[in-house]
Amino acid sequence: MNARSLINQLNPQQKEALLHTDGPLLILAGAGSGKTRVITYKYAYLLKEKNLPSSSIFAVTFTNKAADEMKSRICSILGCELNHTWIGTFHSQCNRILRSEIKALGYSTDFVIYDESDQHSLIRHILKELNIYEALYKGVATRISNLKASLISPEEFISSGDSYGFDEKLAKVYMRYQDELKRCNALDFDDLIMLTVRLFQEREDLLKKYQERFQYILVDEFQDTNYSQYMLVKMLASGHRQLSVVGDDDQSIYRFRGAEVRNITRLEKDFPDLKIIKLEQNYRCTQNILDVSGAVIAENKSRKQKRLWTDRGRGDKVCFYWLPNEEDEAKYIARTIREIYLKGKYTYRDIAILYRINMQSRAIEEALRKERIPYRVVGGIGFYERAEVKDILAYLRIIQNPHDNVSLRRIINTPPRGIGAATINKIEHVSKKEGISLYDAISDICSKKSSSPTVVERLRDFIELIERLSSIRTQPVSEVIKEIVELTGYAESLSEERIQNIAELMASAEGAELGEFLDRVSLITRLDDSVEGDRVSLMTFHTAKGLEFSVVFITGLEEGLLPYFKAFESDEELEEERRLFYVGMTRAKDHLYLTGAKKRRVFSKLQDQEPSRFLFSIPKNCCRWVEKAICKHYQEATPKEKPRKAASPAFKVPYKTGCRVRHPKWGVGVVRDCYGEGEDLKVAVNFPGVGVKRLAVKFAHLERV
DNA sequence: CGAATTGAGTTTTTT
DNA sequence: ACTCAATTCG
């Protein structure tokens, strides 16, 4: 595709955003305004028209998935392969820089990346050691994470003066934590950014090098950057001053992990010649959906004014359904999806169900299963969070870097090899006394035989195991995993399912080399990018960001759930909850359903719920409020009663799901569904090679086979 | 040292 | 209600 035709596909504002390539640019892109299109086209334009090599464009996306999509979109626009790109998340880009430069900060280049649970176990360990109530580890972890996101080092935190009370303790923990990470040659997620910034602060020559290398900087989802990420962008962009950031303050939903919408104002201050372009034409939603979501978000005080509009037409009214309890809510959704599906305009993959917290998916999943509606839960329990997978990864990391104490603690006695608490204490003690890693402490105990013969022998066995595995580290990872499982007998006490997970891990490692594999795994969140299959998508609002669906269900519109009760105290957090709702609603292209339940199980108690306050900002004429005492025909349809068969033999279901029929045109197919009565009796039939057809029995001339 | 039982805490959102 | 961890018993 040439540049002309690229430009012609854009509206005037988008065009302007694409063509503005000299100097800093902020694109305020409302929901559904085609920002992804602008950013990918711009990338292509920079390559084609401005003749920038792809290695000189630094493009940041919010997720790895978004990065992959961006790459493949650009490829298909340009009709060519892209190599040597710098397209990725902040974390992966920083990782890449640090892998070649981190020596300057005194770390070694084969550092491991600690994920949240590694971080947690390390902090717990430190708390235990410092005699601080261990259950606080989560709060401590967030505090430390926020400090790092604000580029505050332990030293600075201590000297900041207000570190009395608990903060004094926190400072100690932070200090120890950072120290311990370095000892383990490990970086946590926040370090990846913080240390890159520090690298550039301390080494002007390196900053220069990268400033020169990156002639253009593109940042997507700018509203969700934290301070350290902002600093990184600012530093890199200060050279050529060619920078485009895309964002929407109304869609900022990651405040809890340090994102600051303020970065938008910071940008205006730091780049006085900043050009601002608003994208206000929405290509996604119907007018009704836009009106409803617009009315809700308008309640937020701190936001930039904008007028989203669409030429898509009014569309259907948005409805809010208030149901007696969560089961009914789920059942109602499942039933409605079935109806939508049978009408034939949409298929399952066009439909999404969104919720505030993952836990809500349970009831919904159950209802969908009962209705035999295929679904997939996006996000949820991460593959890489499963114990068996983490264990194997811990082995791999020890092979790569034996000083990784966190991983070592994890596997030293997994599977059980007779190294118990007493022995581990001893190892910890030696490690501390000698100032060496746990692994070296074990070696020390072995060589000095400073423990009972049985213990020494067990420890020696362990060292030998790791060394043996280490000797094959250059082989493909899948081979190494196989060897781990065999040498340790790991799979012996495992369920079939867990063994399956390990097999899956091996499969995902296919062809990779150890270091590269560990890198990839630590920065990835979910493996289930299997969009294949015609299935309804279930996910949280957060996960839904950036996606769109023809039909969207927003569930749990109740006080305490949306807004979440933790946000009640602060106006800022309430505004974030409102944005969350806004993001959810604006995922919908054609149909938006809002639901809530009057009674809901919270923990193990049944709670009375109030409808969400957000509903009251919606103008009456935009949204129908429906209170359902659970529709009668829903009850009839529960499998228990089967009223159809018993009550009216005349209307017995003539075409059962699964039976085969012949159609004059499409041949033999399998009945997937049967609905309606009498004259209106309809069937959905799957004809091989043709697909699912919905037919009125009256006209279709079906023949049983 | 390991298995089993009890007990506590847990449920925001994610790179 | 359910999971994970600490404690206790064998």
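Only heavy atoms go into these numbers, but all of them, side chains included; no hydrogens, no water, no symmetry mates. Per chain, numbering begins at 1; letters A, B, ... match sequence-line order.
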For [X] and [N], give me the distance from atom [atom1] to atom [atom2], rounded to whole Å.
X	N	atom1	atom2	result
A/K390	C/dC4	NZ	C1'	15 Å
A/M359	B/dT11	CE	P	11 Å
A/R458	B/dC1	CZ	P	7 Å
A/E134	B/dT10	CD	P	12 Å
A/I554	B/dT13	CD1	P	17 Å
A/R362	C/dA1	CZ	C1'	8 Å
A/E327	C/dA1	CD	P	12 Å
A/Y355	B/dT13	OH	P	10 Å

5'-most contact on DNA chain B (nearest-nucleotide basis), A/T423 vs A/L580, goes to A/T423
Comparing A/I419 with A/E573, nearest DNA chain B nucleotide closer to 5' gives the residue A/I419
Go through [options] for me and flag the one nearest to the [X] side chain.
X	options	result
A/P416	B/dT15, B/dT13, B/dG2	B/dG2
A/A422	B/dC1, C/dA6, B/dT13	B/dC1
A/F189	C/dA6, B/dT13, B/dT15	B/dT15
A/Y564	B/dT14, C/dA6, B/dT11	B/dT11

Using a heavy-atom cut-off of under 4.0 Å over every strand shown, decide if [X] touches base, sugar-phosphate, or nothing.
X	value
A/A421	sugar-phosphate
A/N413	sugar-phosphate
A/F90	nothing
A/A567	nothing

| task | Evaluate whether the aromatic ring of A/F256 and the six-membered ring of the B/dT13 base sit under 5.5 Å apart, centre to centre, with an inclination under 30°. | result | yes
Distance check: side-chain N/O of [X] vs OP1/OP2 of [N], anything under 4.0 Å?
X	N	answer
A/K138	B/dT11	yes
A/T63	B/dT14	no
A/N358	B/dT13	yes
A/S92	B/dT15	no
A/T540	B/dT14	yes
A/Y133	B/dG9	yes
A/N226	B/dT15	no

Over 60° means perpendicular and under 30° means parallel, so classify the ring planes of A/F62 and A/Y254, tilted if in between. tilted
Please work out which of the three classes, parallel, tilted or perpendicular, describes the rings of A/Y210 and A/F200, given edges at 30° and 60°. tilted
**Prompt:** Using 4.0 Å as the upper bound for N to carboxylate O, is an ion pair formed by A/D404 and A/R410?
**Reply:** no
The residue among A/V406, A/I123, A/I113, A/V112 that forms side chain to side chain contact (heavy atoms under 4.5 Å, CB included) with A/D118 is A/V406
Note to self: Please check if the number of heavy atoms outside A/Y227 that lie under 6.0 Å from its OH is greater than 12.
What the structure shows: no
request  = Take atom CZ of A/R99 as the centre, draw a 6.0 Å sphere, and report whether it contains more than 12 heavy atoms from other residues, nucleotides or ligands.
outcome  = yes
